**Student:** 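I have a structure here, written as structure tokens, and I will follow up with some questions on it.
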Protein chains: 4
Amino acid sequence: MKSRIYRVIFEADTRAGKLFDVALLVAIVISTAFVCLETIPGFRKDNVVLLKTGEWILTGLFTIEYVLRLYCSPRRKTYAFSFFGVVDFISIMPAYLALFAWPSSYYLVTIRLLRLLRVFRILKLLELSGQAQFILRALRESMPKIGIFFFALIILVFLEGTLMYLVEAGVNPGFNSIPNSVYWAIVTMTTVGYGDVAPMTAIGKLIASAIMLSGYAIIAVPTGIVTAHLSRADRSGDSTILPRRECENCGLSGHTEEARFCRRCGDKLPHV
Amino acid sequence: MKSRIYRVIFEADTRAGKLFDVALLVAIVISTAFVCLETIPGFRKDNVVLLKTGEWILTGLFTIEYVLRLYCSPRRKTYAFSFFGVVDFISIMPAYLALFAWPSSYYLVTIRLLRLLRVFRILKLLELSGQAQFILRALRESMPKIGIFFFALIILVFLEGTLMYLVEAGVNPGFNSIPNSVYWAIVTMTTVGYGDVAPMTAIGKLIASAIMLSGYAIIAVPTGIVTAHLSRADRSGDSTILPRRECENCGLSGHTEEARFCRRCGDKLPHV
Amino acid sequence: MKSRIYRVIFEADTRAGKLFDVALLVAIVISTAFVCLETIPGFRKDNVVLLKTGEWILTGLFTIEYVLRLYCSPRRKTYAFSFFGVVDFISIMPAYLALFAWPSSYYLVTIRLLRLLRVFRILKLLELSGQAQFILRALRESMPKIGIFFFALIILVFLEGTLMYLVEAGVNPGFNSIPNSVYWAIVTMTTVGYGDVAPMTAIGKLIASAIMLSGYAIIAVPTGIVTAHLSRADRSGDSTILPRRECENCGLSGHTEEARFCRRCGDKLPHV
Amino acid sequence: MKSRIYRVIFEADTRAGKLFDVALLVAIVISTAFVCLETIPGFRKDNVVLLKTGEWILTGLFTIEYVLRLYCSPRRKTYAFSFFGVVDFISIMPAYLALFAWPSSYYLVTIRLLRLLRVFRILKLLELSGQAQFILRALRESMPKIGIFFFALIILVFLEGTLMYLVEAGVNPGFNSIPNSVYWAIVTMTTVGYGDVAPMTAIGKLIASAIMLSGYAIIAVPTGIVTAHLSRADRSGDSTILPRRECENCGLSGHTEEARFCRRCGDKLPHV
């Protein structure tokens with residue numbers, strides 16, 4: 001019994017398991033839609049009963065699901081502290097928290113959307129999850145470089161923010177404190193540029209121009225890092241070319257790791 | 001007779017065919033210009049007769065052209081449901097729909113512009129369409145990766161939107177509902193940054209700063225994916241891998257154009 | 001006499017020639033600064049005599065220089081219709097045009113700045129102009145691809161603009177005509193995002209979100225194209241690796257074009 | 001005694017040295033936080049004593065530290081004029097300057113943040129500083145290209161600014177002078193797009209659209225340059241070119257790490 005529930009809830013290789021996963025994804029999307037609609041003042045007033053009923057039914061179902069997951073999991077602790085175990089838990093908590101303590105915490109149930117990442121389990125069957133692994137690996141590999149980049153960037157935006165504060169503070173209410181000036185520097189360097197804060201004095205505009213132009217080169221760094229890693233990951237797919245591997249018969253090089261015969265003369269290649 | 005019309009309308013290798021294509025492109029551009037001008041209130045009032053007459057003459061010509069295409073096409077059904085067949089049809093429909101039902105649908109005739117893509121038929125003679133194929137192939141290849149990226153991104157903007165809603169909702173009318181907050185998150189993550197919605201509280205600005213900085217790294221991902229694919233397509237010049245070329249003995253694919261023997265089983269490969 | 005003037009004005013390999021070039025660059029920068037300052041209302045009123053005098057002295061000098069260039073050039077026609085010949089001419093014209101016809105055309109003398117590109121003649125001596133050639137070559141090579149990209153992009157922004165016009169026109173004065181909506185689409189797709197026009201209706205925001213997210217992938221295309229060309233140009237510097245060139249003694253491959261001896265065994269390499 | 005202080009202050013390989021470094025980093029962060037908080041009007045009023053006391057204690061400590069650094073450094077002059085020596089000095093100066101001359105200069109103590117870059121000395125032990133070197137090398141290598149790019153870009157934004165000034169000046173207060181128009185052009189080309197200045201006339205919007213679309217391709221250039229350099233640095237893994245390794249016979253440089261013989265003269269290379 002327990003292992004049958006397990007196969008349906010945790011796996012996606014049976015018909016029932018796939019159906020359960022799809023139903024879960026639909027329930028998550030509907031539940032998020034309900035929460036979003038509830039925050040629209042005009043919509044809420046007219047549909048408060050419908051929304052509240054729907055939300056509590058869904059929260060109930062998700063609670064039952066979580067309890068079942070805990071019940072049928074062979075290694076309860078491993079599941080409970082795994083990424084999805086934690087996400088499953090904090091996806092139902094806000095609803096109960098809202099009931100007993102802080103009402104607006106209810107909206108945090110959108111954290112449920114993280115559970116949509118489970119969809120990759122279904123995608124695995126569609127051979128799409130390899131692509132996701134690919135991006136994740138490139139991102140993970142580029143993390144140390146990007147971390148160092150952000151460290152230097154944060155120092156830079158503080159210096160730029162201080163400079164602009166000294167120049168604009170008296171005239172421009174948007175630069176009334178260093179934190180606000182740093183906020184402006186971040187908005188500018190990331191090229192978001194809301195325009196809620198913008199330089200007003202001539203010197204301020206001059207410095208801002210220099211900052212924007214420098215930001216032009218700086219924004220290239222993370223892009224360059226990620227691209228370099230993605231390119232490399234791309235190059236070294238399952239067909240890595242080993243440059244030193246040469247055919248002993250004709251001397252042709254540029255064979256892939258999995259190649260066993262020379263593609264020019266057909267001779268057997270030496271083992272790697 | 002039918003086949004002579006076909007050569008003029010569908011092909012671009014005769015003088016008449018080229019002339020027809022150029023005339024068509026000019027007509028499409030003029031027709032779009034007319035529609036654009038009509039929506040400018042000041043211009044419309046003074047030129048309503050000219051604009052209306054011009055538009056209906058062009059719509060009439062396009063209708064005749066479409067009927068001729070249907071008439072002279074040897075495989076009518078294949079044409080009618082091909083990409084350009086459908087575009088040709090929905091390019092004239094809005095005009096008639098506007099006459100009988102929904103007047104403002106008339107402006108949808110700008111969909112006619114899609115017919116400009118036919119210009120690539122002329123470009124083929126200029127050997128430019130290879131470049132277009134090149135970009136399209138790289139985009140098509142990177143689609144699965146970009147699809148997964150967008151899937152994760154949409155989850156992210158919902159979580160960010162909810163967070164900002166909780167922080168800003170009471171103070172900032174721009175964050176008055178979760179959908180509006182998600183809209184803000186998308187405007188921010190894509191670095192568009194209209195500024196119609198912007199954080200106002202200190203905590204909101206702090207969270208927004210973190211979101212913008214993270215967006216700095218995230219915007220690098222699609223750029224990296226497309227660049228990697230374009231670079232690869234670019235690199236695989238004289239050693240292009242022909243994906244359809246398979247070893248007749250063991251079925252292995254992924255052989256380069258210059259390969260003469262299968263790299264796995266050593267069997268002779270079929271000629272290209 | 002004529003050829004001595006030629007060496008000073010047109011070349012930069014003598015001391016006098018270098019001095020002349022530097023003086024010219026300084027004069028261009030000063031002249032541009034004068035024009036800029038003149039347009040600042042507060043500054044103009046107080047310094048009108050100084051500015052006007054300075055500008056006319058500089059224009060006079062530039063006119064004398066242009067006449068001298070024409071006089072001493074051995075092939076007058078070739079110079080007059082070369083890139084710099086045309087720039088030199090249209091750099092003095094606006095000043096005279098302003099005198100006799102359209103006063104505000106005077107400000108077009110900033111076109112003089114294009115003459116600063118002459119600085120590359122001095123840079124040549126500093127071996128920096130190779131880098132400029134490098135960027136220019138990559139840009140020129142990627143032009144056909146980028147041209148096709150822009151062609152497709154312009155069709156896209158027209159369709160997006162029409163769609164937003166239909167949705168927002170009645171409510172939002174920023175979308176009061178199709179050209180304005182297309183302007184918004186361009187501001188959005190390029191991620192500039194002024195915010196002078198922004199969607200207001202719920203459906204408009206939804207469509208805008210989709211447009212922004214698609215723009216996320218589309219902005220990657222020109223970056224990818226230029227990067228791929230720059231990477232390729234970078235790879236094939238003056239030290240192109242010829243993959244098929246192998247040492248006849250030890251079989252090592254991966255030698256550059258200029259290499260004459262094997263870097264592993266020191267044996268003479270075969271000629272290319 | 002002197003050398004023991006030196007080991008603690010300048011190095012990070014002893015326990016005391018590491019502790020000192022960590023304490024220093026914490027002190028810098030706290031001191032910056034104090035300065036930021038002081039500029040927030042509401043916060044300052046209520047905590048002026050606390051903030052002022054804290055700041056002066058920290059400034060005192062930093063002064064003592066600087067004196068100790070000077071005292072224990074074996075080559076005082078080398079330290080005093082090194083990057084960190086200068087940063088250490090100008091990190092304490094603003095505080096004393098504020099006391100005696102220009103009060104608002106005090107905020108410049110945020111320059112202290114540059115001292116955080118010392119953290120890389122600790123990171124060295126964590127093998128992270130190699131990544132930083134990697135990014136710095138790629139940036140330094142791409143500097144000449146990016147410099148030329150900015151030179152051309154600045155000419156371009158001046159021409160664009162002049163053009164927009166001629167078109168918009170009378171109607172649009174944002175374009176009331178050429179410098180302001182150039183500021184707009186920079187805000188637009190870098191895709192920051194505050195929206196504090198935006199075109200209003202039809203022709204202005206048309207030109208702005210062309211500028212934005214051209215900026216689409218131009219922003220790709222620095223990204224492409226940095227990416228190409230990062231990719232190359234990434235690629236040249238086990239065959240890193242050691243720029244300082246020169247053939248003792250013919251003087252050719254640019255040998256890879258694994259090379260044992262000069263590729264031009266065939267002479268044996270010195271060991272790495």
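These numbers come from a predicted model, not from an experiment. Here is how names work: the chains are called A, B, and so on, in the same order as the sequence lines, proteins then strands, and each is numbered from 1.
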**Student:** May I ask you to decide if A:Met189's main-chain N or O and B:Tyr216's side chain share a donor-acceptor pair within less than 3.5 Å?
**Tutor:** yes

**Student:** Highest number of heavy-atom pairs under 4.5 Å with chain A: which of B:Leu213, B:Val192, B:Thr227?
**Tutor:** B:Leu213

**Student:** Between A:Leu136 and chain B, with a heavy-atom cut-off of 4.5 Å, which part of the residue counts as in contact: side chain, backbone, both or neither?
**Tutor:**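 Nothing of A:Leu136, per the 4.5 Å heavy-atom cut-off to chain B.
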
**Student:** Above 12 or not: heavy atoms from other molecules or residues under 6.0 Å from CZ of B:Phe81?
**Tutor:** no

**Student:** Could you give the distance from OG1 (A:Thr110) to OH (B:Tyr165), rounded to the nearest 0.5 Å?
**Tutor:** 11.5 Å

**Student:** Looking only at heavy atoms and a cut-off of under 4.5 Å, which of B:Ala202, B:Ser209, B:Gly215 has the most pairs with chain A?
**Tutor:**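 Sorted descending by pairs with chain A, the first entry is B:Ser209.
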
**Student:** Using every non-hydrogen atom in the two residues, find where A:Leu230 and B:Gly224 come nearest and quote the distance to one decimal.
**Tutor:**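 Scanning both residues completely, I find the closest heavy atoms to be CD1-C, 3.5 Å.
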
**Student:** If you count heavy atoms of other groups shown closer than 6.0 angstrom to CD1 of B:Ile90, is the number above 12?
**Tutor:** yes

**Student:** For residues A:Thr39 and B:Pro179, report the shortest heavy-atom separation together with the two atoms involved.
**Tutor:** OG1-CD, 3.6 Å

**Student:** Heavy atoms only: give me the nearest A:Val226-B:Ala217 pair and the separation to one decimal.
**Tutor:**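 The pair with the smallest heavy-atom distance is CG2-O, 4.5 Å.
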
**Student:** Measuring from B:Ile155:CD1 to A:Ile111:CD1, what's the distance to the nearest 0.5 Å?
**Tutor:**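 Atom-to-atom, B:Ile155:CD1 and A:Ile111:CD1 are 11.5 Å apart.
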
**Student:** Which atoms of A:Tyr107 come close to chain B, meaning under 4.5 Å heavy atom to heavy atom: side chain ones, backbone ones, both, or neither?
**Tutor:** both

**Student:** Flag the one option from A:Leu114, A:Ile146, A:Ile154 with the top tally of heavy-atom pairs under 4.5 Å to chain B.
**Tutor:**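 Between A:Leu114, A:Ile146, A:Ile154, the count favours A:Leu114.
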
**Student:** As an exercise, state the distance from CD1 of B:Ile219 to OG1 of A:Thr191, rounded to the nearest 0.5 Å.
**Tutor:** 6.5 Å

**Student:** At a heavy-atom separation under 4.5 Å, does B:Val221 approach chain A through its side chain, its backbone, both, or neither?
**Tutor:**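 For B:Val221, backbone and side chain are both near chain A.
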
**Student:** Can you check whether A:Tyr183 reaches B:Pro199 side chain to side chain, under 4.5 Å on heavy atoms?
**Tutor:**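 The answer is yes, as the side chains (C-beta and beyond) meet within the 4.5 Å cut-off.
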
**Student:** Which region of A:Leu139, side chain (C-beta onward) or backbone (N, CA, C, O), has a non-hydrogen atom less than 4.5 Å from a non-hydrogen atom of chain B, or is it both or neither?
**Tutor:**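 The side chain, not the backbone.
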
**Student:** Please find the pair of heavy atoms, one from B:Met212 and one from A:Thr190, that lie closest to each other, and give the distance.
**Tutor:** O-CG2, 3.7 Å

**Student:** Please flag which part of A:Ser142 lies under 4.5 Å from any non-hydrogen atom of chain B: side chain, backbone, both or neither.
**Tutor:**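 Contact with chain B: none, neither part.
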
**Student:** For A:Ile225, is it the side chain, the backbone, both, or neither that has a heavy atom closer than 4.5 Å to a heavy atom of chain B?
**Tutor:**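 For A:Ile225, there is no contact with chain B at all, as no heavy atom is under 4.5 Å.
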
**Student:** Under 4.5 Å from any heavy atom of chain A, what part of B:Leu166 do you find: side chain, backbone, both or neither?
**Tutor:**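 Contact with chain A involves the side chain of B:Leu166 alone.
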
**Student:** Side chain from CB out, backbone as N, CA, C, O: work out which of these in A:Phe43 comes under 4.5 Å of a heavy atom of chain B, or both, or neither.
**Tutor:**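 Interface part for A:Phe43: neither.
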
**Student:** From B:Leu159 CG over to A:Thr32 OG1, what is the distance, rounded to the nearest 0.5 angstrom?
**Tutor:** 9.0 Å

**Student:** Provide the closest heavy-atom pair for B:Ala198 versus A:Asp196 in the form atom of the first, atom of the second, distance.
**Tutor:**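 Shortest heavy-atom contact: CB-OD2, 3.5 Å.
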
**Student:** Minimum heavy-atom separation for B:Lys205 and A:Asn180, please, with both atom names.
**Tutor:** NZ-OD1, 3.1 Å

**Student:** Does atom CZ (B:Phe158) have a neighbourhood of more than 12 heavy atoms from anything else shown, all under 6.0 Å?
**Tutor:** no

**Student:** Could you look at A:Val182 and say if it's the side chain, the backbone, both or neither that has a heavy atom under 4.5 Å from chain B?
**Tutor:**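 Contact with chain B: none, neither part.
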
